[in-house]
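When a ligand or atom number is given, it counts from 1 through the structure's own listing order. Just the heavy atoms: all of them, side chains too, but no hydrogens, waters or symmetry mates, feed the values below. Everything numeric in this text was worked out from a predicted model, so none of it was measured.
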Amino acid sequence: MMDAAQFRLYGGVNVIGGTKLHVDSGDGQVLFDFGATFSPGLCAFDHVLKPRPFREVEDNLAIGMAPDLPGIYKGAAQLSTLSVFISHFHLDHVGLLSLLDRRVPIYMSEASRRLLRELEVIGEGIGEHDDMHVFVYGEKVVLGNLEITPLPVDHDIPGATGFVVTTPSGTLAYTGDFRGHGLHPELTTAFFDRLGETGIQALVSEGTRAGEDPAFPAQSEAEVAEGVLRVSERRRSHVFFTVYNRNIERISAFAAVGRDLSRQLVLSPETYHLFRTLAPQAYATARPAVFQLHRHGMEGLPAYIDNQAVAVTADDIARAPDAFLVELPYHALSELVDIKPVSGSIYIHSDGVPLGAYDPAFANLKSWLKHFGVELAFVRSSGHASPSFLSECVTRAQPDILYATHTLHPEQMPSPPSGMLVLPHLHRSYAIGRPGGH
Ligand SMILES: [Zn+2]
């Protein structure tokens, strides 16, 4: 039996995303999140260079993309006792799940489970898995002498969760990703208030926007619809947009704007499916059409698109520039060749990929739009807490130690009012509280 329960980070250190938080009490062990980290200098796979079929585990381990934890990967001779908990379904938190042995227990929220089911349908899931659990917010999951209490937080995807982990030596909390300017800020503040009431020794928090200039506050989620309306009203031209389609509330916002503009919402097949199944009411009101891309003209629409769906082609969009509000993801930009955007057309970037200049595809997106004379506008709302909200949350939580993760500027994270800020190292173990209690 070890002296105190410990934790270790296998990702998310000095980088945005890829958090993999391993908590071990000797009697129970849990891994929070299992995403891929993309950091400069580290080898990575991309959409061209891929792991070899049936060698995904070996290839990811060999280049340091997946952590060297025994007994958890596909083909493990002896399974470890580890369970995996998922905070939310962004790729930087779940991207490596498909490497797990299908018998490793995975826990997630009800909304995450619903999302995953539909992601499987559109080919963006994790594949078959035998041991999947849905946790109930506020109800403890007991694993050995660890007690894990999941609680909701607000982020730009359904089902985001933070966790309180009680160990024999102390209590740790893990935030996942969170914000205070979404549509449900009260969830996030309730989470941090609960930490303050519980009394926690270690808070492992994301700090994506730590160090950001507070003079440029980001837009709230509620302001997105207004912003989209502002840049697109009075245009008689084409209006395109891109979103991350796991952000179901954002799709609903575009649906509402489509109604205000009297433009028919047109969604890519993948987004159409997620919207129809995960926001059935907003879907029924919006009655969006599905974008039949050039390749669907040859292969047909994906089988998951219902027969009743109204299909719209690039030619339809070309003929009626002011009739549609069109989701045009990066991968489908070549449809512009047939759409032939008219003068005054606009492309609204609302947090779809490529997200920013760090992605080489971003420069390419800009040159495509320039080539076709389409104006680029940004109407976005970050999924992450502003610096001032981070500070407020840390003050509410009052941890003894704040461990800064999921940020390029850990040193800019707020110090807890009566505790200390620690910049954790990758793979180093940290004690949670003191042996024999606190
Ligand atoms: Zn996230």
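- Using the six-membered ring where Trp is involved, Phe7 and Tyr430 have ring planes that are parallel, under 30° apart on the 30 and 60° scheme.
- Within Asp177, the N/O/S atom positioned nearest the Zn ion (ligand 1) carries the name OD2.
- Distances from the Zn ion (ligand 1) show that His88 has an N/O/S atom below 2.8 Å.
- Tested against His155 for a ring-ring contact (aromatic ring centres under 6.0 Å, His included), the candidates His384, His406, His181 yield a single pass: His384.
- For Arg179 and Glu221, the salt-bridge test passes: some basic side-chain N is under 4.0 Å from an acidic carboxylate O.
- With Ser220 contributing its side chain and Gly182 its backbone, the two residues share no donor-acceptor pair below 3.5 Å.
- Atom ND1 is the N/O/S atom of His90 found closest to the Zn ion (ligand 1).
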